[in-house]
Structure formats: structure tokens, C-alpha cells
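In what follows, chains are A, B, ... by sequence order, proteins preceding strands, each numbered from 1. Everything quoted here is computed from the prediction, not taken from an experiment. Reckoned from all heavy atoms, side chains included, excluding hydrogens, waters and symmetry mates.
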Number of protein chains: 4
Amino acid sequence: MTSQQAYVRPLGRPREARADRAIVEATLELIAEHGVHGFRTEDVAARAGVGKGAIYRRYRSKDELALAAVADLVYEELAVPDTGSTRDDLLALMREAVALYRGSLARRLFPSLVGAMGQKPDLARALREGFLASRRAVLTEVIQRGIERGDLRRDVDVDLALDVLGGPLFYRLLITGGPIDDELAEGVADLIMRGFGPDPSRRPKATTARKRSR
Amino acid sequence: MTSQQAYVRPLGRPREARADRAIVEATLELIAEHGVHGFRTEDVAARAGVGKGAIYRRYRSKDELALAAVADLVYEELAVPDTGSTRDDLLALMREAVALYRGSLARRLFPSLVGAMGQKPDLARALREGFLASRRAVLTEVIQRGIERGDLRRDVDVDLALDVLGGPLFYRLLITGGPIDDELAEGVADLIMRGFGPDPSRRPKATTARKRSR
Amino acid sequence: MTSQQAYVRPLGRPREARADRAIVEATLELIAEHGVHGFRTEDVAARAGVGKGAIYRRYRSKDELALAAVADLVYEELAVPDTGSTRDDLLALMREAVALYRGSLARRLFPSLVGAMGQKPDLARALREGFLASRRAVLTEVIQRGIERGDLRRDVDVDLALDVLGGPLFYRLLITGGPIDDELAEGVADLIMRGFGPDPSRRPKATTARKRSR
Amino acid sequence: MTSQQAYVRPLGRPREARADRAIVEATLELIAEHGVHGFRTEDVAARAGVGKGAIYRRYRSKDELALAAVADLVYEELAVPDTGSTRDDLLALMREAVALYRGSLARRLFPSLVGAMGQKPDLARALREGFLASRRAVLTEVIQRGIERGDLRRDVDVDLALDVLGGPLFYRLLITGGPIDDELAEGVADLIMRGFGPDPSRRPKATTARKRSR
DNA sequence: TAATAACCGAGACGGTACGTCTCGTCTTAGG
DNA sequence: CCTAAGACGAGACGTACCGTCTCGGTTATTA
């Protein structure tokens with residue numbers, strides 16, 4: 001039976017992969033130069049060497065184009081670290097996030113992206129279900145393993161933990177302009193370990209946090 | 001010696017105070033509906049019942065108008081709570097913040113505000129130095145008092161603490177869409193108390209933070 | 001009693017008469033250069049020194065603009081010549097028509113105008129009822145006078161006469177590309193005089209025309 | 001069953017004759033509906049049930065397609081009538097022309113064809129040298145025969161005569177919208193006979209109509 | 001009281017980017 | 001090599017919005 005073979009090649013000339021890449025790259029360059037709102041679709045077309053039609057065949061609007069370009073920049077396979085230490089696993093992920101958001105492009109990109117999310121539910125959903133969900137899934141796995149390992153309490157509010165890990169980073173990126181560096185990564189990782197670590201009053205002898213500090 | 005009396009009434013017909021208010025209010029409503037970029041000056045004029053000229057006589061650009069409107073909205077006096085309990089003081093401030101950001105106007109305002117901050121340094125500075133700084137000052141005072149009281153460690157990274165308090169809230173507001181409620185307020189307050197509480201290994205007996213959580 | 005004074009000045013800034021003229025003139029030039037369909041609205045705007053908005057505030061579409069421009073061009077007062085000689089009157093009118101259609105603007109304008117008439121009943125009606133009707137009225141008067149004077153037969157088919165006077169001219173202009181000159185004017189005028197001149201059969205000897213109808 | 005043919009079949013799949021007809025017919029219908037410029041190649045393809053490629057393999061451009069379609073409609077062998085009577089020969093040709101231009105398709109086709117001629121010299125030349133020249137050649141022969149026969153003056157301006165025969169018909173078709181009927185055919189034929197007939201003042205006894213019958 | 005000056009609402013202005021559309025060509029898989 | 005389907009680069013279309021300017025008219029202070 002071929003019914004499982006769901007993919008049917010669409011009729012007609014296929015989209016050119018070359019154009020796909022060129023459009024995204026031109027968009028990223030122009031966003032970096034003029035901002036998420038400041039760039040012009042005509043310039044994207046010109047720089048990518050395509051017609052405007054080729055852009056609007058792929059993306060319904062300028063905003064969707066900007067989103068896709070950013071998504072392309074930001075999506076990457078995320079390996080679940082497994083160092084044996086919950087703190088080190090968290091730290092690895094946080095450091096990677098720090099590295100991503102320190103980049104000048106991502107730093108200039110996110111604010112307007114967030115602004116657009118408020119106006120375009122589609123974009124918000126796409127970002128949440130794609131980029132965000134994948135990162136949260138990885139963090140969740142690390143936390144679950146930490147619980148099983150006994151490094152974290154059984155009743156950890158996982159959502160809160162995720163938001164405490166990610167929140168301060170975005171807060172600095174979007175609002176305060178504070179430094180996004182490894183100190184931040186270590187700070188929140190340690191706070192999670194300490195705040196959600198096993199209750200010392202119950203198990204006075206086991207002090208995970210101590211061991212972690214080498 | 002009248003030189004100190006600097007004010008000279010300008011010639012001609014004075015500006016109408018009625019229009020001043022109407023413009024700001026119409027702007028706020030329209031920003032909430034369509035975002036800091038999405039609203040139209042013509043709509044502001046129409047809703048305020050003024051001409052576009054009246055707007056541009058007061059503000060040099062759409063951005064300046066948006067900034068002024070937001071500034072007008074956001075400034076308010078903030079009392080420093082003093083319940084005697086560091087946790088309760090934090091909780092009071094957090095609950096107030098929760099109440100503010102649950103409100104539909106602020107909730108719709110902030111995303112586009114953040115987006116605009118990325119492109120307009122003036123707006124970003126105004127918001128950081130006004131709204132944000134005042135809230136951080138109050139929280140800082142509560143934390144300092146907590147340290148002096150011995151509820152918190154002496155070496156608390158205050159900036160990190162502030163970002164852990166505020167970050168998750170904004171993260172949910174702007175990114176995840178997660179719930180902004182008292183559970184969140186309590187979660188982060190407890191995490192701060194626990195994570196930045198006095199080191200139990202150093203002073204195994206005194207555990208103020210423990211007791212407060214009952 | 002001011003009720004007869006129906007005109008109420010519209011609110012706001014009035015349209016600029018300068019722009020009205022400039023738009024129509026630029027349109028005519030560009031139609032002559034590129035045809036009723038071939039000209040570009042952006043070029044009209046540029047040549048007229050106005051924005052595209054100023055054009056579309058006045059005309060709902062490119063077609064309506066073209067129609068208005070042509071209508072503006074084509075209306076002019078036409079005097080009825082009265083030299084005392086029917087042939088000379090006809091000749092005067094024909095020479096004037098020749099002069100008009102030799103002109104480079106009209107010569108380039110008419111072909112695409114005719115093409116458009118086939119597609120746009122509005123344009124066709126406007127042209128027929130304005131430009132064409134006024135010229136036919138003048139010719140009709142000359143012919144009537146010729147009949148009364150005895151220079152032409154009483155039973156002249158006036159419509160046919162008008163079409164024989166105008167047809168060859170347009171035929172050369174639109175189809176054959178043949179010369180439009182005074183020789184043509186004289187040729188058709190003489191043909192009309194000779195072909196529709198008084199019937200020699202009434203002056204009892206010659207009866208050619210009568211017999212033909214059998 | 002094709003092997004018996006000496007004709008060497010070109011490589012590959014042969015063109016479908018079905019498509020040839022369908023393309024031309026669809027083009028004619030769409031030109032009649034929207035004009036020579038107004039129709040869309042995509043609509044032609046859709047209505048003919050072919051791809052755009054099939055059209056552009058046959059015709060190099062939209063204009064060439066339009067021209068070919070019109071040519072297909074309009075070209076037909078034209079016999080030189082020879083009734084023995086110059087008037088009747090002219091009348092036969094004029095009646096045939098009337099029949100052609102009364103048809104609703106030709107009537108809708110010509111205006112935009114003329115419009116296009118003004119912008120496309122190639123099309124104008126093709127139409128003049130093909131369709132038009134063949135008709136003028138036939139008429140010229142009839143007139144020459146008329147001269148030789150003595151029905152028409154020796155010094156007839158043949159070009160003018162042709163334009164007087166064809167002009168009024170096109171004038172009504174393209175400009176005035178007047179009736180195109182046998183009355184018109186007879187009117188211009190009689191006018192030519194009378195206006196270009198032998199000068200009665202010079203040869204007072206010989207009546208043209210007499211001679212025609214030889 | 002009259003003149004002067006800046007205000008008022010309404011809306012046209014020049015300019016610019018948008019997103020759509022069509023042209024004529026090119027590129028697939030398949031007959 | 002043909003076919004239908006549909007993507008391609010190019011560029012005009014008509015719309016929308018910006019920030020400015022121009023109306024007739026209003027509201028203050030100064031003369």
C-alpha cells in the first residue's frame with residue numbers, strides 16, 4: 001500500500017531553493033542594517049536578486065518574512081546535555097542561550113519581534129510552538145532528570161523554574177538592557193539548584209549544592 | 001528683581017488644555033489596540049476631535065507622541081511596603097505588579113512598547129529611567145532591609161535578584177503567554193527567599209526564611 | 001434671499017487649481033507618447049510635479065484620468081464659416097480638420113483613443129456627444145445652407161455626406177497611414193459638391209442618378 | 001498505420017492541432033471581451049485548456065498572438081467581381097465589406113486593433129500589408145477597369161476613391177457608431193460613380209450609366 | 001476697538017512603501 | 001520534444017500613511 005506515502009510532489013515548477021536562501025539572507029542583512037520595521041521589501045528583493053512576487057509567494061507579509069528570517073537564524077538542533085550533574089546541564093543550556101542572545105543581530109531582532117507578537121497572534125504562536133517550545137522541552141528534560149536524581153525536589157513547579165531560567169535573560173534583553181553574560185547564566189542556575197534543591201531541613205546531610213561547587 | 005519670573009505668556013491664542021488631554025488619551029487607546037507602530041495619527045486626531053496640526057504642534061513626530069502618552073500612563077507614586085517580614089514585603093510588591101500587568105491596557109501596551117524600545121533609544125531611556133528605575137528602587141530597598149535583617153545573605157547579587165523577581169513576569173507577559181497571577185508572585189518571592197536566604201551550612205541553626213514560610 | 005446661493009465651500013484645504021491643470025497636461029503628453037493604456041501614473045505624477053495621491057484624489061482610476069484629459073483637450077469652440085460659397089465653407093472646415101489631425105498630439109492621441117472607445121462606453125459617449133457632435137453640427141449647418149442655396153440636392157443623405165467628409169480623414173489617420181493634407185480636404189469637398197450637386201435630370205436632359213435606382 | 005507516410009515525423013511529441021485551434025479561438029473571444037490589450041495570456045491558456053508554454057511556443061508575444069488570431073478571423077480569399085457594371089462590381093465589394101464589419105466579433109475587434117496599431121508599428125504594417133492591401137488591390141482593379149471602360153474619369157485620384165469607399169465604413173465602425181448596412185454600401189458606391197464619373201460638361205451627350213453596360 | 005499673533009478643525013499636499021497583479025520566460029514530471 | 005502546472009524577475013498598479021501646508025475662522029493679548 002502506498003497510502004502511507006503521503007507526500008505528493010506539487011505540479012509545476014518547484015520553488016527555487018536558491019531563492020529561499022537568498023531571501024532569508026538578504027532579509028537578515030537588511031534587518032540588521034535598518035531594523036525589523038525599517039527594511040524595505042523592495043530592497044530584500046533587489047539584494048536577493050529575486051522579484052517581489054517570489055517573496056510574497058513564500059511569506060504573506062513583511063512581518064512573516066521577518067519572523068521567518070529570524071526563525072531561520074535562531075533555530076538549531078538542541079542537544080540535551082548530560083554531564084551527570086544537573087547544575088552543569090542547566091549551566092550548559094543557559095550558557096548557550098546567553099551566547100545566542102549576546103549576538104548583536106539577535107539582540108536587535110528580538111525586541112521588535114516581541115512587539116510584533118503582541119499584534120500578530122499567528123506570529124506569536126509560531127514563535128512559541130517552534131523556537132520556544134523546543135528550548136523548554138530540553139530544559140524540562142534536564143529538570144526531570146534532576147528530580148529523578150534527587151538534585152531537585154519532587155514538587156518543583158517546572159513552569160516556574162523554566163520562567164526563572166529564561167525570564168531574567170529576556171528581561172535584560174528586552175527591558176533593562178542589563179548584561180547578558182555567563183554570570184547571569186550561573187546566577188539563575190545556582191538559584192534554581194538552591195531554591196528548588198532538596199529541602200535541607202528534611203535531609204540535613206545531603207547538600208547537593210555544596211558538591212556542585214567542586 | 002523680577003528676572004526670576006521667567007515665564008512670559010506667549011503671544012496669540014493659548015493651546016487648549018482640553019486638546020492636550022484628548023490627544024494623550026486617544027493615543028493610549030489606539031496604541032493598546034494597534035501597537036506603538038500600528039496606530040495612525042489620523043485616527044488619534046479623529047478620536048480626540050482635533051486636527052492633525054494640533055498634534056504636530058505639540059509633538060514633533062508620531063514616536064514622540066507615543067512616548068509622551070506612555071510616559072503619562074506609567075508614572076505613579078510607589079510606596080515602599082514595610083510589614084516587618086521581607087517575604088511579605090516582596091510579596092506585596094510582586095502582587096501589585098501582577099495586578100498592574102494583568103490589566104488589559106498594560107497587557108496590550110507592553111509588547112509593542114518593548115518592540116519600540118529596540119528601535120528608539122529615547123523611548124527606551126525614558127522608560128528605564130522613569131517607570132523601571134522607580135520600581136527597582138523600591139525593590140532594592142526591600143532587599144537591603146532583608147539583608148540587614150538577616151533574612152537574606154550579605155552577598156546577594158541584587159541586580160540578579162531584581163531580574164529574577166521581574167523577569168518571569170515579563171517573560172510570561174511578552175513571550176510565553178503564561179499566567180500572571182498571585183501564584184507566580186509567591187513562586188518568585190519564595191524562590192528569592194530560599195535561594196538567597198542565609199547559607200544553612202554556615203549558620204545551621206538560624207533559618208528565618210524557613211520559619212516565615214510556615 | 002440667499003437660498004439660491006447653493007454653493008457651500010467645502011471644509012479643509014482646497015484643491016490646487018495648479019495641480020488640476022498640471023495633471024491633465026502631463027497626462028495628455030504621456031498618452032500621446034505611450035498610448036491611452038501605455039502611460040504610467042507615476043510618470044504623470046512626476047511630470048506634473050504632484051504626488052500620486054493628488055491624482056487618485058481627483059480620478060478614481062487611470063482610465064478615468066485618461067478620459068478626463070482627452071475630454072479637456074478636445075472641446076473647443078467651432079465657428080460656422082460663411083463665405084457665400086458652399087464649397088468654400090466645406091473646404092474651410094475640412095482644412096481646419098486637416099490642420100488639427102496633422103498636429104502631432106492629436107495624431108498620436110486618436111488611435112489609442114479609438115481603441116479605448118471600444119472598451120469604455122463612457123469614453124465613447126463622451127467623445128461622440130462632445131467633440132464629434134459639435135463638429136457634425138457645424139458641417140450639417142453648412143450643408144443645409146448649401147441645399148437652400150441650391151448648391152446641393154434637396155434629398156442629400158446628410159449623414160452619409162458627413163461620413164464621407166470625415167471618414168477618409170480618419171481612415172488615413174487610423175488605418176492606412178495615408179497623407180492628411182489639403183489635397184484630401186479638397187478632394188472630399190469636391191466629391192461632395194459633385195456627387196450631391198443639383199440633379200441634372202431635372203434640367204430635363206440628363207437623368208443618370210434617377211435611373212440608377214431602377 | 002502511420003508508417004506508410006513518407007513524411008518524416010519530427011522527434012518527440014507532435015504539437016496538438018487541437019491546441020492550435022483552441023488557442024486562436026480563446027484569444028478571439030477574449031479580445032472581443034476585453035480588447036487587444038485587455039485580455040490576459042493566462043486566461044487564454046485557461047480557456048483553451050493548455051499551459052502558457054504552449055502559447056509562447058507558437059507565438060513570440062501577446063501581440064503576435066493577437067495579430068495571428070485576428071488574421072485568422074479576417075483573411076479570406078477575395079475574388080475580383082466582374083459583373084460587367086463598374087457600379088455593381090463596387091457594390092458587390094462594399095456589400096461584402098459591410099457583411100464582414102457588421103459581425104459582432106469584428107465590430108468589437110477592430111477598435112482595439114486600431115488602438116494597438118498606433119503603438120505597434122509591426123502590427124500596423126502586418127495589417128496594412130496583409131488584410132488592407134489585398135482589399136485595396138481588388139478595389140483598385142475594379143476602378144481601373146471602370147476607367148478603361150469609360151465609366152470613370154481618366155484622372156480619378158484612386159487613393160482618394162479607395163479612401164472614400166472604405167473611410168465612411170470604418171468611420172462608423174470606429175467613431176460614430178452609425179449603421180453599417182447596404183444603404184451605406186450603395187451610398188458610397190453611387191457617390192463614387194457620380195463624383196468620379198465622366199465630366200458631363202465635357203461630354204454632354206454620353207451618360208455614364210449607358211456606357212457601363214457596354 | 002482694532003490689530004496682531006497663535007491657535008483651531010478639516011483636509012489636500014508631495015513622498016514613499018506596501019502588497020497585488022500581469023507579462024513573458026523557465027523548469028519541473030510525465031506522455 | 002511535446003504537454004500542463006506553476007515558479008521566476010521585472011515592474012506598474014492603486015492604497016495607505018507620514019509630516020507639512022493651507023484654508024476660513026477663533027481666542028487671547030497688546031495698542
Task: Residue closer to the 5' end of DNA chain F, A:R18 versus B:R40 (nearest nucleotide) - done: A:R18

Task: First of C:F39 and C:G12 reached from the 5' end of DNA chain F, by closest nucleotide - done: C:F39

Open item on the list: Please determine whether a side-chain nitrogen of the Lys or Arg among B:D20 and B:R58 lies less than 4.0 Å from a carboxylate oxygen of the Asp or Glu.
Closed with: yes

Expressed as a whole number of angstroms, how long is the span from [X]:[atom1] to [N]:[atom2]?
| X | N | atom1 | atom2 | result |
| --- | --- | --- | --- | --- |
| C:L65 | F:dC13 | CG | P | 10 Å |
| B:E16 | F:dT26 | CD | P | 13 Å |
| A:R13 | E:dT28 | CZ | C1' | 9 Å |
| A:I55 | E:dC21 | CD1 | P | 16 Å |

Quick one: closest heavy-atom pair of [X] and [Y], and the distance?
| X | Y | result |
| --- | --- | --- |
| B:V50 | B:A19 | CG1-CB, 4.0 Å |
| B:Y59 | B:V24 | OH-CG2, 3.7 Å |
| C:S61 | C:Y56 | CA-CE2, 4.1 Å |

Task: Name of the residue among B:V36, B:T41, B:D43 meeting side chain to side chain contact (heavy atoms under 4.5 Å, CB included) with B:L30 - done: B:D43

Task: Residue list, salt bridge (charged side-chain N to carboxylate O under 4.0 Å, His left out) with C:K52, at least two apart or on another chain - done: C:E42

Open item on the list: The criterion is salt bridge (charged side-chain N to carboxylate O under 4.0 Å, His left out); which residues satisfy it with A:R47, sequence neighbours excluded?
Closed with: A:E29, A:E33

Open item on the list: Nearest 0.5 angstrom please: A:K62 NZ to A:H37 NE2, how far?
Closed with: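 Answer rounded to 0.5 Å: 8.0 Å.
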
- [ ] Could you grab the distance from atom CD1 of A:I23 to atom OG1 of A:T27, nearest 0.5 Å is fine?
- [x]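 Answer rounded to 0.5 Å: 7.0 Å.
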
Task: Pair listing, ring-ring contact (aromatic ring centres under 6.0 Å, His included) test, anchored in residues 10-30 of chain B, at least two apart - done: none

Can you list, in residue-number order, the parts of [range] that come under 4.0 Å of DNA chain F, counting heavy atoms only?
| range | answer |
| --- | --- |
| residues 56-64 of chain C | C:Y56, C:K62 |
| residues 23-31 of chain C | none |
| residues 41-54 of chain D | D:G49, D:V50, D:G51, D:K52, D:A54 |

Task: Comparing A:H37 and A:L11 on DNA chain E - which has the more 5′ nearest nucleotide - done: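 This one resolves to A:H37.
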
- [ ] Find out whether B:H34 and B:R40 are in side-chain contact, i.e. whether some heavy atom of one side chain is under 4.5 Å from a heavy atom of the other.
- [x]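 With C-beta onward as the side chain, the pair stays apart.
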
